[in-house]
Amino acid sequence: MKKLLAFFIFFGLAMSAKAEEFQVVGAEFPPLMYVEQGNPAGLSVELLQMMLQNLKDVKVNIEFHPVPRLLKVVAENANTFSLSVTRNQERESQFKWVGPICPRTNALFKLKARSDLQIKTLQDLHPYKIGVGRGYAAVNDLLNAGIPKEQIEEVTEDTQNVKKLFMQRIDFVATNDLVFAHILKNEGRQWDEVEQVMILDAKYQYYYAFNKETDEKIIQQFQQALDQVKQSGQYDALLKKYFK
């Protein structure tokens, strides 16, 4: 796949000939990671920047690929790690992990003003239209709960579902809460205009995934740098920036 972006980030660190170099791979998944005006942006990018302030002589080169390519690059190349990746059983042994970056919560949302929509179980969704991103795991969750396929409206861009929700062309949206908050903000909407109805999946979290041959000392150094950011209060401020 064509590389979307590749450039060096120094973050004001004093670089030397002995600097440890890492290739960092991201994908378009705002607000966790995305390209903005030719530069990498997002929560996991800013968090990495803060971590690098606690690491000495580290140099990173960030490039963006589709998710399948991202995972392949990290799996096959030394001194490589990814931005946000879901840590799950399937991937556990494929990489080494630093994190968590933030929780991964997929949930069902509706307009707060729609007091007519009272849902307690997935089966209660049968009469309603549900918007879901094409290929999302939530599609199978809904189908397995017996929701008729014709009630599930898949879209290629999550923004489409937000527009349809406020136009009341659909009744519910099944999506990641962090992604949903980001889209609402971009659409000029407020978080308090919507309401979380039900959590569909909250058992995983987002991590930095390192090539599995990475020295354990390096993993420990990055983990310690992340822990220092969390203890400093910078992490909480960063979450509020992206999730409000």
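All values below were derived from every heavy atom in this structure, side-chain atoms included, with hydrogens, water molecules and symmetry-related copies excluded.
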Using residues 98-105 as the side-chain source, report each donor-acceptor pair under 3.5 Å to any protein atom, sequence neighbours left out, with the distance given to one decimal.
{"from": "R104", "atom 1": "NE", "to": "T86", "atom 2": "OG1", "distance (Å)": "3.3"}
{"from": "R104", "atom 1": "NH1", "to": "D201", "atom 2": "OD2", "distance (Å)": "3.1"}

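With sequence neighbours left out, the side chain to side chain contact (heavy atoms under 4.5 Å, CB included) criterion links V139 to V132, L143, E154. For the salt bridge (Lys or Arg N to Asp or Glu O under 4.0 Å) test, residues two or more places apart in sequence or in another chain that qualify with E92 are R87. A search for side chain to side chain donor-acceptor pair (under 3.5 Å) contacts involving K112 returns nothing, not counting sequence neighbours. In this structure, N88 has no side chain to side chain donor-acceptor pair (under 3.5 Å) partners at least two apart in sequence or on a different chain. Not counting sequence neighbours, S93 has no partner by the side chain to side chain contact (heavy atoms under 4.5 Å, CB included) test. By the side chain to side chain contact (heavy atoms under 4.5 Å, CB included) test, A41 pairs with Y34, E36, sequence neighbours left out. For E216, the salt bridge (Lys or Arg N to Asp or Glu O under 4.0 Å) partners are K96, not counting sequence neighbours. Listed by chain and number, the residues in a side chain to side chain donor-acceptor pair (under 3.5 Å) with K203 amount to none (sequence neighbours excluded). Evaluation of the ring pair (Phe, Tyr, Trp, His ring centres under 6.0 Å) rule for F22 yields F81, F222 as partners, not counting sequence neighbours. Under the side chain to side chain contact (heavy atoms under 4.5 Å, CB included) criterion, L117 pairs with K110, R114, Y128, D171, F172, sequence neighbours left out. By the salt bridge (Lys or Arg N to Asp or Glu O under 4.0 Å) test, E157 is found to be paired with no residue, residues two or more places apart in sequence or in another chain being considered.
Between the side chain of D124 and the main chain of T121, a donor-acceptor pair closer than 3.5 Å is present. Using a distance-only test at 3.5 Å, with no hydrogens or angles considered, no donor-acceptor pair links the side chain of Q168 to the main chain of L165. Judged by distance alone, with hydrogens and angles left aside, the side-chain atoms of Y208 form a donor-acceptor pair with the main-chain N or O of S44 at under 3.5 Å. A donor-acceptor contact shorter than 3.5 Å is absent between the side chain of N176 and the backbone of N106. In this structure, E28 contributes its side chain and V35 its backbone to a donor-acceptor pair below 3.5 Å. In this structure, Q151 contributes its side chain and P148 its backbone to no donor-acceptor pair below 3.5 Å.
With respect to the salt-bridge test (charged N to carboxylate O, under 4.0 angstrom), the residues R169 and E153 do not qualify.
Between the side chains of Y204 and Q89, at least one donor N or O lies within less than 3.5 Å of an accepting N or O.
Under a cut-off of 6.0 angstrom, the local environment of CD in Q224 is sparse, with at most 12 non-hydrogen atoms contributed by other residues, nucleotides or ligands. Applying the 6.0 Å contact sphere to NZ of K164 captures more than 12 heavy atoms from other residues, nucleotides or ligands.
Here the CD atom belonging to Q23 is positioned 4.5 Å from the OG1 atom belonging to T80, to the nearest 0.5 angstrom.
In this structure, T159 and N186 have side chains that are not in contact, with every pair of non-hydrogen atoms separated by 4.5 Å or more.
With respect to F109, the side-chain contact (heavy atoms from CB on, under 4.5 Å) criterion is satisfied by exactly one of N161, D177, V162: D177. A side chain to side chain donor-acceptor pair (under 3.5 Å) with S232 is found for exactly one of Q228, K230, Q234, namely Q234.
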